[in-house]
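Worksheet for the structure shown next.
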Amino acid sequence: MGMLINGIWQDDEDRSMVGGTYRREVSALQTDLGEETLALMKNIKTRFYLIASASCPWSHGAVLALTLSGLGDHIPIQWAGGPRVQGYGLLPGGPIPNQASMQHVHQFYTKTIPNYTGRSTVPILWDSEDKQILSNASADIMLAFNTLSDGPDLNPDALTQEIALMTQHIFDGLSNAVYRAGKSQRQDEYDAAVNTVFATIDGLEARLEGQNFLFGATPTLADLRLFATLVRFDTVYATHFRCIRKRVVDYPNLWRFTRRIYHLPGVKETVDFDEIRFGYYINDGAHNPFGIIGQQPEIDWDNTADL
């Protein structure tokens with residue numbers, strides 16, 4: 001996988017695997033965004049950039065929050081993707097000015113902290129004037145976009161604590177658990193992770209009985225988090241990550257929920273199934289040494305009859 005060690009990229013380092021189990025590391029960067037930064041983000045156009053990958057669910061959550069916020073003209077997206085040589089690479093033709101020397105996401109990390117040690121993950125919120133990462137935590141980035149939003153409030157005060165708890169539940173039981181299953185090097189760890197995934201899915205299916213979204217009639221940040229995982233589930237998690245017991249299309253409420261989010265204004269355009277499949281299959285050499293990309297399942301995403 002590779003990571004930075006004291007500011008130097010090391011291809012063979014990977015501290016996420018411990019005893020055959022996958023453990024996501026905590027970032028060494030400060031991630032929350034203060035009021036002064038939020039004011040600058042709101043008022044200064046194209047100083048701040050969201051660097052994201054179309055394959056990554058955490059990036060996708062940030063992209064969705066940006067899309068629904070109406071701030072896309074103020075905070076452009078620089079896409080990262082392709083074969084991961086020294087981690088994520090920047091795709092050509094991006095909007096960040098004067099960045100010709102920046103070819104890899106890890107270079108943004110060492111611009112921010114020259115001796116940085118850790119993975120160079122996305123999404124990141126980049127300040128092109130001060131040449132520093134403001135945050136690499138999707139949760140904080142999504143909260144910032146919602147705070148500045150010209151659209152609906154996805155984190156209403158009355159539900160803030162419940163949304164945070166639900167988001168953590170989705171992370172522990174589903175979004176991160178599929179990675180535990182897919183990257184596991186031990187049968188017991190794989191079995192435990194898959195059991196966790198489907199116990200969580202079963203609970204979410206029950207919660208959505210008779211309601212459109214996790215907290216009722218309108219979506220929240222937790223719904224965006226859940227969508228970013230579910231939209232990938234049948235394409236890569238049920239196949240490449242071996243969470244094969246059931247698919248999202250086998251769950252009536254979750255399948256309806258996922259399509260309902262998919263058909264919100266602007267959301268469909270953020271979903272790139274080709275890039276999702278490429279990002280997982282090609283960049284996971286240990287589990288796919290011949291680089292075969294699985295075909296896209298036949299799923300009718302355009303069906304809105306029951307929404």
Side-chain angles (χ1 to χ4, degrees), residues 1 15-18 21-33 50 52-66 68 118-119 121-125 135-146 154-155 159-184 189-208 213-215 219-238 240-243 245 248 251 254 257-258 261 270 276 279-280:
M1 182 177 292
R15 298 181 182 177
S16 64
M17 297 303 298
V18 180
T21 66
Y22 176 73
R23 296 293 181 262
R24 193 176 298 275
E25 67 176 334
V26 177
S27 173
L29 289 177
Q30 176 81 14
T31 63
D32 60 322
L33 298 158
L50 178 66
S53 166
S55 68
C56 167
W58 284 273
S59 286
H60 199 180
V63 169
L64 290 168
L66 179 62
L68 297 179
R119 294 179 58 218
T121 59
V122 287
I124 58 178
L125 185 63
S135 180
N136 69 339
S138 58
D140 291 305
I141 295 171
M142 292 173 73
L143 282 170
F145 292 160
N146 184 67
L154 301 174
N155 193 48
L159 291 173
T160 296
Q161 185 174 1
E162 291 182 68
I163 290 170
L165 290 171
M166 175 58 70
T167 299
Q168 189 64 51
H169 174 65
I170 292 167
F171 174 84
D172 292 335
L174 181 57
S175 303
N176 193 57
V178 294
Y179 277 78
R180 285 178 50 209
K183 292 182 175 294
S184 179
E189 168 67 8
Y190 162 77
D191 289 336
V194 171
N195 290 340
T196 297
V197 166
F198 286 100
T200 303
I201 286 178
D202 289 343
L204 293 168
E205 173 73 5
R207 183 184 180 95
L208 287 167
F213 302 104
L214 292 170
F215 292 94
T220 67
L221 293 178
D223 293 279
L224 301 189
R225 292 282 204 164
L226 179 56
F227 171 81
T229 294
L230 293 182
V231 77
R232 289 162 171 76
F233 198 92
D234 293 4
T235 295
V236 289
Y237 299 147
H240 187 51
F241 277 4
R242 300 186 296 280
C243 295
R245 188 183 301 174
V248 170
Y251 291 90
L254 283 169
F257 163 89
T258 307
I261 298 280
T270 71
I276 288 169
Y280 281 87

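The residues of the chain are indexed from 1 along the displayed sequence.
For Asn146, the side chain to side chain donor-acceptor pair (under 3.5 Å) criterion is met by Asp153, not counting sequence neighbours. With sequence neighbours excluded, the residues satisfying side chain to side chain donor-acceptor pair (under 3.5 Å) with Gln168 are Asp172. With sequence neighbours excluded, the residues that form a side chain to side chain donor-acceptor pair (under 3.5 Å) with Asp140 are Thr31. For His240, the side-chain contact (heavy atoms from CB on, under 4.5 Å) partners are Tyr280, Tyr281, Asp284, His287, Asn288, not counting sequence neighbours. Legend: residues meeting side-chain contact (heavy atoms from CB on, under 4.5 Å) with Thr196, ordered by chain and number and at least two apart, are Ala177, Arg180, Thr200. In terms of the side-chain contact (heavy atoms from CB on, under 4.5 Å) criterion, residue partners of Ile141 (sequence neighbours excluded) are, by chain and number, Leu50, Ala62, Pro123, Leu125, Ser135, Phe145. Residues passing the side-chain contact (heavy atoms from CB on, under 4.5 Å) test with Ala228 are Pro57, His60, Arg232, sequence neighbours excluded. Partners of Asp223 by side chain to side chain donor-acceptor pair (under 3.5 Å), not counting sequence neighbours, listed by chain and number: Thr220.
Formation of a donor-acceptor pair under 3.5 Å by the Asn176 side chain with backbone atoms of Phe171 is not found in this model.
The structure places CG of Asn136 at 13.0 Å from CH2 of Trp58, a figure rounded to the nearest 0.5 Å. Between the CD1 atom in Ile124 and the OG atom in Ser53 there is a gap of 12.0 Å [rounded to 0.5 Å]. Residue Leu226 holds its CG atom at 8.0 Å from CD1 of Ile261, rounded to the nearest 0.5 Å. For the atom pair CG of Asn155 and OG1 of Thr160, the computed distance is 4.0 Å after rounding to the nearest 0.5 Å. With rounding to the nearest 0.5 Å, the separation of SG in Cys243 from CG in Asn195 is 10.5 Å. The CG atom of Leu159 sits 11.5 Å away from the CG atom of Leu154 when rounded to the nearest 0.5 Å.
With hydrogens and angles left out, the side-chain atoms of Arg225 and Ser138 include a donor and acceptor closer than 3.5 Å. Side-chain contact annotation: Ser175 with Thr229, donor-acceptor N/O pair under 3.5 Å present.
The only option from Tyr190, Phe233, Tyr179 that meets the ring pair (Phe, Tyr, Trp, His ring centres under 6.0 Å) definition with Phe241 turns out to be Tyr179.
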Start with the C-alpha gap between Leu204 and Leu230, add the side-chain angles, then the distance that decides, and say whether side chain to side chain contact (heavy atoms under 4.5 Å, CB included) holds.
CA-CA 11 Å; Leu204 293 168; Leu230 293 182; over 6 Å; no

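Between Ala52 and Val122, the shortest heavy-atom contact is CA-CB, 4.4 Å.
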